[in-house]
K.L.:
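Pasting a structure below so you can have a look.
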Amino acid sequence: MAFDATLLCFLPFPSVNHMIIPIAVVPVAGMGTRLLPATKSQPKEMLPVAKKPVVQYVVEELEANGVKQVLFITGKNKSSIENHFDFDHELMRNLREGGKEDLLAELEYERLSVHFFFTRQRRQKGLGDAILCARNFTQNAAFIVALGDSIIGGASAIVSHTAEVFASTGASCVIAVEEVPRESVTSYGVVKPGADLGNGAFVIEDLVEKPSVADAPSNLAIAARYIFGPEIYPALDKTMPGKGGEIQLTDAIRLLLDSGRKIVGVRLAADEKRYDIGNFESYFEAFIEFALKEYPHLYDLFRKQADK
Ligand code: UTP
C-alpha cells in the first residue's frame, strides 16, 4: 500500500474536543454492474456529472470539511481515479503552448490541499470488506467514510456535522441519513430512529440493509457519509456475508449495536441532498440538475422536450 507512516502522528484519537476528522476513506472498488455498459471499462466514480467526475465532487466536499488525507480503496480498472488527482504537467504545457491558458482553470482542483493514498481491494467482496482494507492506514484514529459514488449537493457540511456529533456523543459510529420515498428503501441501508438528540441527531436503535418496503423500520436511508471509531474493524472481522453474498458495512454496524455500542444518526440539512450515482435513473437526475446549474439556458430546451 502507498502509505506514509510519518503522517500518522497527526491523526488524533477521537476526543470530545475534535470537530475536524482529517482522514477520510473513499471506497471506489465496486464493479458498478448496475451502470453497465457505461462502467465496462471505466469506474462509475469517474462518470461525469455535468463538467466533473463524481469522485471530484466527493473530494472537494471532503477538503471543504477539513480533510487532509484521503485513502482511496481502489480495484481493477480504477487507475483513472489516480490519474485524475495527479498533476499532468504535459497537459498543462500543451494548454499553455496551444494558447489555451483559460482552460488551466479547469485543472485548479489538482491543487486541493489533500494528500492522496491508494490501496486495492483485491476481490470485490462488498463495502464492509473494502473498509477493512483501510485498517493499517487509520489504525486507532477515527475516520470518515465517504462513498465514492455519491455526491452530497449544496455546500455540504454534513461531514463536519457528523464529526461534531461523533465527538460530543462518544458514539462508535455516526451515520448521515436522508428521508427517501417509502418505495425507495429497497435500494439503501435503512435505520430505525430512537431518542432525539437535537440538532438533527438521534440515537439509532437498529439498521437493515436494503429491506423490503414492508420490513423497513423507517424511510431514513443511509446517505453515503459515516464516521467510525477503530472498533468498526473487529466488528467487520466478525461480519459474515449478507445481502448479495457481500460483507455489508450495515451488518458490521449492527454488530456494534448488539455489543452495546452507541450508534447515532444525523439528518442531512434541508439544503443538502444526496445524489446516488449507482443506478441510471438517479445518475441522470444528478446530471440534469448539475448541468442546469452550470448552463441554465438549457432549461428551455428541457421544457420544450418535456412538453412534446
Ligand atoms: P455499491 O454496492 O453501490 O457499488 O457500493 P457496486 O458494488 O459497484 O454496485 P453494483 O451493484 O455492482 O452496481 C457503494 C460504494 O462502495 C464501493 C463502490 O465502489 C461504491 O463507491 N465498493 C462496493 C467497494 O469499494 N468495494 C466493494 O466490494 C463494493
Side-chain angles (χ1 to χ4, degrees), residues 1 24-49 52-59 61-62 70-82 84-85 116-135 137-138 143-152 159 175-178 180 184-190 207-211 221-226 228 232-233 236 239-253 274-286:
M1 169 167 63
V25 174
V26 180
V28 291
M31 289 190 280
T33 52
R34 285 167 297 157
L35 292 174
L36 282 169
T39 49
K40 164 95 191 329
S41 60
Q42 66 174 332
K44 68 172 158 181
E45 297 82 4
M46 285 299 290
L47 291 174
V49 171
K52 300 189 277 193
V54 179
V55 72
Q56 186 177 332
Y57 291 95
V58 177
V59 171
E61 174 203 339
L62 292 171
V70 170
L71 172 67
F72 285 107
I73 313 295
T74 72
K76 219 172 101 189
N77 289 337
K78 301 285 179 169
S79 53
S80 57
I81 296 175
E82 210 163 326
H84 186 69
F85 289 104
F116 294 105
F117 301 86
F118 301 85
T119 190
R120 273 171 88 112
Q121 183 189 23
R122 298 171 88 180
R123 284 178 54 206
Q124 278 59 50
K125 291 193 283 183
L127 176 58
D129 181 70
I131 301 307
L132 265 178
C133 299
R135 188 183 221 151
F137 187 80
T138 66
F143 59 99
I144 298 156
V145 167
L147 301 193
D149 67 350
S150 288
I151 298 170
I152 308 290
V159 165
I175 307 173
V177 300
E178 66 164 354
V180 296
S184 305
V185 290
T186 51
S187 306
Y188 301 104
V190 176
L207 65 172
V208 46
E209 185 62 29
K210 300 188 177 69
I222 296 176
R225 302 290 182 266
Y226 312 74
F228 289 105
I232 190 62
Y233 293 122
L236 281 166
T239 303
M240 303 303 290
K243 276 259 154 73
E246 297 191 338
I247 310 280
Q248 297 287 353
L249 184 57
T250 308
D251 293 342
I253 301 170
R274 177 245 182 105
Y275 296 88
D276 175 12
I277 317 299
N279 64 74
F280 278 117
E281 195 174 331
S282 52
Y283 170 41
F284 293 159
E285 184 187 329

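Numbering starts at 1 and runs along the sequence shown. Atoms within a ligand are numbered from 1 in the order they appear, just like the ligands themselves.
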K.L.:
Using the salt bridge (Lys or Arg N to Asp or Glu O under 4.0 Å) criterion, which residues pair with Glu82? Sequence neighbours excluded.
P.N.:
none
K.L.:
For atom 16 (O) of ligand 1, which of the options Asp276, Ile73, Asp149, Leu127 provides the nearest non-hydrogen atom?
P.N.:
Leu127
K.L.:
Within ligand 1, which atoms have a heavy atom of Ala130 less than 4.0 Å away?
P.N.:
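So the answer, numbered in order with elements, is 24 (C), 25 (O), 26 (N).
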K.L.:
If you have a sec, work out which protein heavy atom is nearest atom 18 (C) of ligand 1 and how many Å separate them, to one decimal?
P.N.:
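Protein heavy atom with the smallest distance to atom 18 (C) of ligand 1: Gly30 N, 3.5 Å.
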K.L.:
Which atoms of ligand 1 sit under 4.0 Å from any heavy atom of Glu45?
P.N.:
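What qualifies from ligand 1 is 18 (C), 19 (O), 20 (C), 21 (O).
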K.L.:
Over 60° means perpendicular and under 30° means parallel, so classify the ring planes of Tyr226 and Phe228, tilted if in between.
P.N.:
parallel
K.L.:
Please test Phe85 against Phe72 for ring pair (Phe, Tyr, Trp, His ring centres under 6.0 Å), starting from the C-alpha separation and ending with a verdict.
P.N.:
CA-CA 11 Å; Phe85 289 104; Phe72 285 107; 5.6 Å; yes
K.L.:
Taking atom NZ as the centre, does Lys243 end up with more than 12 heavy-atom neighbours from other residues, nucleotides or ligands that are less than 6.0 angstrom away?
P.N.:
yes
K.L.:
Heavy atoms only: give me the nearest Asp149-Glu45 pair and the separation to one decimal.
P.N.:
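In this case the closest contact between Asp149 and Glu45 is N-CG, 4.1 Å.
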K.L.:
Measure across Leu35 and Gly278 and return the closest heavy-atom pair with its distance rounded to 0.1 Å.
P.N.:
CG-O, 3.7 Å
K.L.:
Nearest non-hydrogen atom to atom 28 (O) of ligand 1 belongs to which of Gly128, Gly148, Ala146, Gly126?
P.N.:
Gly126
K.L.:
Looking only at heavy atoms, which two atoms of Thr39 and Gly32 are closest? And how far apart?
P.N.:
OG1-O, 2.7 Å
K.L.:
Side chain, backbone, both or neither: which applies to Lys125 and ligand 1 if a contact is any heavy-atom pair less than 4.0 Å apart?
P.N.:
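Answer for Lys125: backbone.
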K.L.:
Heavy-atom contacts under 4.0 Å between Val28 and ligand 1: side chain, backbone, both, or neither?
P.N.:
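The part of Val28 near ligand 1 is the backbone, not the side chain.
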K.L.:
Does ligand 1 come near enough to Lys78 that some N or O of the ligand is less than 3.5 Å from an N or O of the residue?
P.N.:
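Checking ligand 1 against Lys78, no N or O pair falls under 3.5 Å apart.
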K.L.:
Within a strict 4.5 Å, meaning less than it, do heavy atoms of the Val159 and Glu61 side chains meet?
P.N.:
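Yes, at least one pair of side-chain atoms sits under 4.5 Å.
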K.L.:
State whether the shortest distance between N or O atoms of Thr33 and N or O atoms of ligand 1 falls below 3.5 angstrom.
P.N.:
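Thr33 vs ligand 1: N/O contact under 3.5 Å present.
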K.L.:
Tell me which protein heavy atom sits closest to atom 4 (O) of ligand 1, plus the residue, atom name and distance to 0.1 Å.
P.N.:
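The closest one turns out to be Lys44 NZ, 3.0 Å.
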K.L.:
Do any nitrogen or oxygen atoms of Gly278 come within less than 3.5 Å of a nitrogen or oxygen of ligand 1?
P.N.:
no
K.L.:
Under a 4.0 Å heavy-atom limit, does Ala29 contact ligand 1 with its side chain, its backbone, both, or neither?
P.N.:
both
K.L.:
Nearest heavy-atom pair of Tyr283 and Ile277: which atoms, and what distance?
P.N.:
CD1-CG2, 3.4 Å
K.L.:
Starting from atom 8 (O) of ligand 1, what is the nearest protein heavy atom, named by residue and atom, and what distance separates them?
P.N.:
Gly32 N, 2.7 Å
K.L.:
Give me the nearest non-hydrogen protein atom to atom 3 (O) of ligand 1 as residue plus atom name, then the distance to 0.1 Å.
P.N.:
Arg34 NH2, 2.9 Å
K.L.:
For atom 21 (O) of ligand 1, what's the nearest protein heavy-atom neighbour? Residue, atom name and distance, please.
P.N.:
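That would be Pro27 O, 3.0 Å.
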K.L.:
Can you tell me which residue and heavy atom of the protein come closest to atom 26 (N) of ligand 1, and the distance to 0.1 Å?
P.N.:
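Of every protein heavy atom, Gln121 OE1, 2.7 Å lies nearest to atom 26 (N) of ligand 1.
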K.L.:
Can you list the residues that meet the side-chain hydrogen bond (donor to acceptor under 3.5 Å, both in side chains) rule with Asp129, with sequence neighbours excluded?
P.N.:
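Result, side-chain hydrogen bond (donor to acceptor under 3.5 Å, both in side chains) vs Asp129: Gln121.
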